2 protein chains.
Amino acid sequence: MYHSPTERLEYDPPVAWNTQETRQKLLAAASTHFSRSGFAGGRVEAIAREAGINKERIYQYFGNKEGLFAAVLESEVERLLDGIDITGAGADALGTLAGDLFDRAAQHPRLVRLLLWESLELAEPVSASTRGAGCARMVAALEQAVPRSDARGGADTLLSVIGIAFADTCLPHLSRLISGSDSPEDRRSAVVQQARRLA
Amino acid sequence: MYHSPTERLEYDPPVAWNTQETRQKLLAAASTHFSRSGFAGGRVEAIAREAGINKERIYQYFGNKEGLFAAVLESEVERLLDGIDITGAGADALGTLAGDLFDRAAQHPRLVRLLLWESLELAEPVSASTRGAGCARMVAALEQAVPRSDARGGADTLLSVIGIAFADTCLPHLSRLISGSDSPEDRRSAVVQQARRLA
DNA sequence: CAAATCTCCAAACGTTCGGTTGGAGTTTAA
DNA sequence: TTAAACTCCAACCGAACGTTTGGAGATTTG
């Protein structure tokens, strides 16, 4: 195995196999890069370098750059709503939901960013059937927690709570122009308050 | 002036000057391409071809690709909220605002897309001071129309109404997974209804 | 133990891309 | 009328990029 003169090692140990770890390292690095720069702005070479894996392995495991991007989205975007349940009833339910969503976005900003890149760069969502099923469950739970007369109340409410909770993550520049630099605590409090009003 | 054999003309008329038109054509084509594909995915060559202008002109007028992108954002993103005033009071004011925002997004989807690309691809917003002033005026008007006790009510309300109004434009895939393929009329109605509840 | 298969690598390839150059013609100014 | 300045173009350049190739070594199989 040849190294360039500037990094020639005294002894190159042979490379042991670790198929699962290789794949996971590539996915983790790809998640970072695609979250930051999107599909078009992400660089295969830079992803591989950060993973510490040869970029040829990307083609072996994922097919191509598009396959890698899809794999990242498949593993990440479901996590956005994963484990967030509807608890309580009425205004409490909506406030808690909004707070949980806000916290999720605050702790994992890359998830919302990946969702946005998916929206802008893909014609169709990834994992549509499983994500659709997850959303349907949330809608049904919301309809139980916040009963309403109109037939689509659950779906409309869920979408509005998401819109409120993610407004500053989806549109950070506009948010800052509107609200100034308020603290995450203040922002969270406002999100919970506004969502409660939808009851 | 040389043309390739496949498009050799019998006679090449010399090119007259039209500096303003050239610039506008480039901006229009750039708006289309950057709205669709973002900065990283937009192609200078493709933009120039669509404008019918030599791509070297882009460097003359805008400096580089980044300058072109900034020029597009500067001319487009202010149009998103431009001319949208707060009318009425209470729930009516919020409902009308949400409806107007929804209509603006529906009629000019490229504006929201450009806003999203700005959010994802730029560290700072363009035209921050003029946009900030415009937002401050809207916040003040909202505080008049929907008086509230908390000090930041106007800003929080505006951001929430925007979040509700643009939820399906910002996150179209997630919206469709949640709501199914409802009609724009139904979607608009839901947006107005939900926004009214924030009063 | 040897052959087959698999994983991993460095290097290379062909294409794409943003940006520049040399020059032709248009318009303006003296 | 001529020179200067400006606008516009085709072609080009160097770098970047996604993808492939040839081969070395690790692991599995018979």
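Order of the sequence lines fixes the chain letters, A, B, ..., with proteins taken first and strands second; residue numbering starts at 1 for each chain. Quantities reported herein were computed from a predicted structural model and do not represent experimental measurements.
- A:I53 comes within 4.0 angstrom of sugar-phosphate atoms only, judged by non-hydrogen atoms across all strands, and of no base.
- Ion pair B:R188/B:E185 not flagged as a salt bridge, since none of the NZ, NE, NH1 or NH2 atoms sits closer than 4.0 Å to an Asp/Glu carboxylate oxygen.
- Ionic pairing of A:D92 and A:R196 is present here: one or more N-O contacts between side-chain nitrogen and carboxylate oxygen are shorter than 4.0 angstrom.
- The side chain of B:A16 sits closest to C:dT27 out of C:dT27, D:dT27, C:dG18.
- If you check every strand for non-hydrogen atoms under 4.0 Å, B:G42 touches sugar and phosphate atoms only.
- Distance A:K65 NZ to D:dG18 P: 4 Å, rounded to the nearest Å.
- What separates CD of A:E45 from P of C:dA12 is a distance of 15 Å, to the nearest Å.
- In this structure, the separation between CD on A:E45 and NZ on A:K55 is 5.0 Å, given to the nearest 0.5 Å.
- Summarising the geometry, the separation between CD on B:E21 and P on D:dC8 is reported as 9 Å, rounded to the nearest angstrom.
- Taking atom CG on A:L26 and atom C1' on C:dC8, their separation rounds to 11 Å, with Å as the unit.
- In the interface, the side chain of B:E56 is not paired with the base of D:dC8 through any donor and acceptor atom under 3.5 Å apart.
- In this structure, B:R49 atom CZ and D:dA10 atom C1' are separated by 15 Å, rounded to whole Å.
- Projected onto DNA chain D by closest heavy-atom contact, B:T19 and B:K55 fall at different nucleotides, the more 5' of which corresponds to B:T19.
- Spacing between atom CD of B:E66 and atom P of C:dC17 amounts to 17 Å, rounded to whole angstrom units.
- Within the structure, a side-chain polar atom (N or O) of A:R43 is placed less than 4.0 Å from OP1 or OP2 of D:dG18.
- Checked by atom type, the side-chain pair A:H173/B:E118 shows no donor-acceptor distance below 3.5 Å.
- One finds a side-chain N or O of A:N54 lying less than 4.0 angstrom from the OP1 or OP2 phosphate oxygen of C:dA10.
- The existence of a salt bridge linking B:R187 and A:D156 is confirmed by a sub-4.0 Å separation between a basic side-chain nitrogen and an acidic carboxylate oxygen.
- Using a 4.0 Å cut-off, some side-chain N or O of B:Y61 falls inside it from OP1 or OP2 of D:dC8.
- Taking atom CD on B:Q60 and atom C1' on D:dT7, their separation rounds to 8 Å, with Å as the unit.
- Listed candidates were D:dC8, C:dT7, D:dT7. Nearest to the side chain of A:W17 is C:dT7.
- Side-chain N/O atoms of B:T22 include one lying less than 4.0 angstrom from OP1 or OP2 on D:dC8.
- A straight line from OH of A:Y59 to C1' of C:dG14 spans 13 Å, rounded to a whole angstrom.
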